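A short worksheet on the structure shown next.
This one's a predicted model, so the numbers in the text were calculated from it and none came from an experiment. Both ligands and their constituent atoms are indexed starting at 1 by order of listing. Values below: all heavy atoms of this structure, side chains included; hydrogens, waters and symmetry mates excluded.
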Amino acid sequence: MPTIEFENVSKIYDEDTVALDDVSFTIDEGEFVILLGPSGAGKSTMLRVLNGLTEPTEGSVRIGGEELQGNRSGVGMVFQEHYLIESKTAFGNALSGALSRNGLLRSALGMHDDADKRTALEALQTVGLLDEAGQRAESMSGGQKQRVGIARALVQNPEIVLADEPVASLDPKAARDVMRYLKKAATEQDLTTITSLHQVNIAREFGDRFLGIRGGEVIFDGDADDLTMDE
Ligand code: ADP
Ligand code: ADP
């Protein structure tokens with residue numbers, strides 16, 4: 001069943017910046033999709049449109065058959081910059097993901113219930129950081145911080161996770177670690193996942209399906225066997 005549908009979607013930021021140019025594709029429930037393309041290709045724009053952070057200029061975007069309108073719950077985001085609160089523990093940062101479920105006020109007042117706390121610990125377990133739950137973000141490595149960022153997204157109990165260049169600022173070993181846990185989370189929780197990357201070799205190791213994007217157009221849609229080094 002298609003859970004994500006882009007139909008003739010264009011995004012034009014100003015007169016001459018066409019970030020997405022008549023893009024159409026569908027993604028089925030549970031797919032682990034990697035968005036590949038150089039800087040400026042339109043990857044972030046595609047993910048931002050999907051998360052309701054940016055409105056398309058033309059075309060239709062549907063999630064679960066429903067036309068996308070504004071910011072949407074059920075979509076978790078992971079970013080290149082982790083945006084963790086450095087002075088908070090891994091647990092506290094993961095727990096902050098419950099914010100979008102419970103409303104700003106409750107979360108700001110620190111009124112997390114036991115279910116939230118359990119969910120946060122489960123999410124840390126999923127990303128292999130249960131033993132580090134009480135460690136402050138500031139004392140963690142870049143790869144660990146990104147894994148906490150994934151845990152925070154999981155706490156929102158999403159159906160879809162969008163990760164925008166989640167490993168771009170990591171060394172290859174940490175990058176693979178983060179991708180491994182992202183894939184594990186996606187498999188365990190039946191998530192539909194779109195991850196943008198620009199490293200073809202890392203993409204190839206983890207992706208099931210690849211969308212190649214360049215100049216705002218999808219120029220490739222296939223599996224690892226179809227992927228050549230110059231995508
Ligand atoms: P990628 O994530 O692949 O690097 P982006 O979606 O960030 O690509 O950018 C696609 C194009 O849109 C680029 O030409 C970029 O400069 C432009 N762009 C991105 N965001 C904005 C914005 N807020 N305003 C104007 N142009 C933008
Ligand atoms: P703060 O920055 O306010 O100290 P933390 O990020 O340290 O917040 O933790 C947020 C909440 O989670 C607090 O209520 C804290 O007691 C609790 N907590 C922190 N670490 C753990 C842990 N490993 N297991 C269970 N609860 C924890």
Side-chain angles (χ1 to χ4, degrees), residues 4-27 31-63 68-72 75-83 142 145-146 149-150 152-153 158 160-172 174-176 178-179 182-183 186 191-224 226-231:
I4 294 173
E5 297 168 90
F6 267 57
E7 197 179 316
N8 305 113
V9 173
S10 292
K11 175 67 188 183
I12 300 162
Y13 282 112
D14 50 52
E15 301 290 298
D16 42 13
T17 312
V18 182
L20 294 177
D21 187 3
D22 198 19
V23 170
S24 299
F25 61 86
T26 65
I27 292 176
E31 280 196 275
F32 194 87
V33 176
I34 294 202
L35 205 53
L36 264 177
S39 175
K43 305 184 296 299
S44 294
T45 300
M46 195 182 274
L47 296 179
R48 288 168 54 82
V49 162
L50 254 179
N51 195 34
L53 295 169
T54 293
E55 254 186 71
T57 313
E58 282 175 57
S60 161
V61 178
R62 291 184 293 276
I63 294 184
L68 192 65
Q69 285 172 330
N71 212 331
R72 209 195 127 93
V75 179
M77 284 290 283
V78 179
F79 304 93
Q80 177 176 349
E81 304 301 327
H82 51 74
Y83 297 122
K145 286 181 186 178
Q146 281 303 60
I150 294 170
R152 181 183 50 196
I160 295 171
V161 167
L162 308 174
D164 194 359
E165 296 271 7
V167 303
S169 32
L170 301 175
D171 65 65
R176 287 187 166 82
V178 168
M179 287 304 296
L182 183 60
K183 182 115 191 211
L191 303 172
T192 306
T193 314
I194 309 181
T195 304
S196 68
L197 287 176
H198 60 263
Q199 310 94 316
V200 183
N201 51 346
I202 293 179
R204 181 189 290 281
E205 287 173 41
F206 297 96
D208 298 330
R209 176 181 170 191
F210 303 85
L211 290 179
I213 174 166
R214 193 159 299 184
E217 293 181 71
V218 173
I219 57 161
F220 177 88
D221 183 355
D223 64 19
D226 304 321
L227 197 64
T228 61
M229 285 314 279
D230 53 40
E231 281 315 327

Under a 4.0 angstrom heavy-atom cut-off, which atoms of ligand 1 come close to [X]?
| X | value |
| --- | --- |
| P38 | 3 (O) |
| S39 | 4 (O) |
| A41 | 1 (P), 3 (O), 8 (O) |

Subject >> Residues D226, F210; criterion side chain to side chain contact (heavy atoms under 4.5 Å, CB included); working and verdict >> reply: CA-CA 9 Å; D226 304 321; F210 303 85; over 6 Å; no
Any side-chain heavy atom of [X] sitting closer than 4.5 Å to one from [Y]?
| X | Y | result |
| --- | --- | --- |
| L227 | V200 | yes |
| M46 | I194 | no |
| D223 | R209 | no |
| D208 | K183 | yes |

Which residue and atom name correspond to the protein heavy atom nearest [atom], and how close is it?
| atom | answer |
| --- | --- |
| atom 7 (O) of ligand 1 | S44 CB, 3.6 Å |
| atom 10 (C) of ligand 1 | G40 O, 3.4 Å |
| atom 19 (C) of ligand 1 | Y13 CE1, 3.4 Å |
| atom 8 (O) of ligand 1 | G42 N, 3.0 Å |

**OP:** Compare T17, T45, D14 and give the one whose heavy atom is closest to atom 5 (P) of ligand 1.
**Re:** T45
**OP:** Determine, considering heavy atoms only, which of K11, K43, R48, R214 sits nearest to atom 3 (O) of ligand 1.
**Re:** K43
**OP:** Specify the closest pair of heavy atoms between V49 and V61, including all atoms of both residues, with the distance to one decimal.
**Re:** CG1-CG2, 3.7 Å
May I have the list of side-chain donor-acceptor pairs in residues 16-24 shorter than 3.5 Å, sequence neighbours left out?
unit_1 : atom_1 : unit_2 : atom_2 : d
T17    : OG1    : D14    : OD1    : 3.0
D22    : OD1    : N8     : ND2    : 2.9
S24    : OG     : N8     : N      : 2.8

Original post:
Does E55 CD have over 12 foreign heavy atoms under 6.0 Å away?
Top reply: no
Subject >> atom 16 (O) of ligand 1 protein-contacted, heavy-atom criterion under 4.0 angstrom >> reply: no
Original post:
Taking N or O atoms only and a 3.5 Å limit, does A19 qualify as a polar contact for ligand 1?
Top reply: no
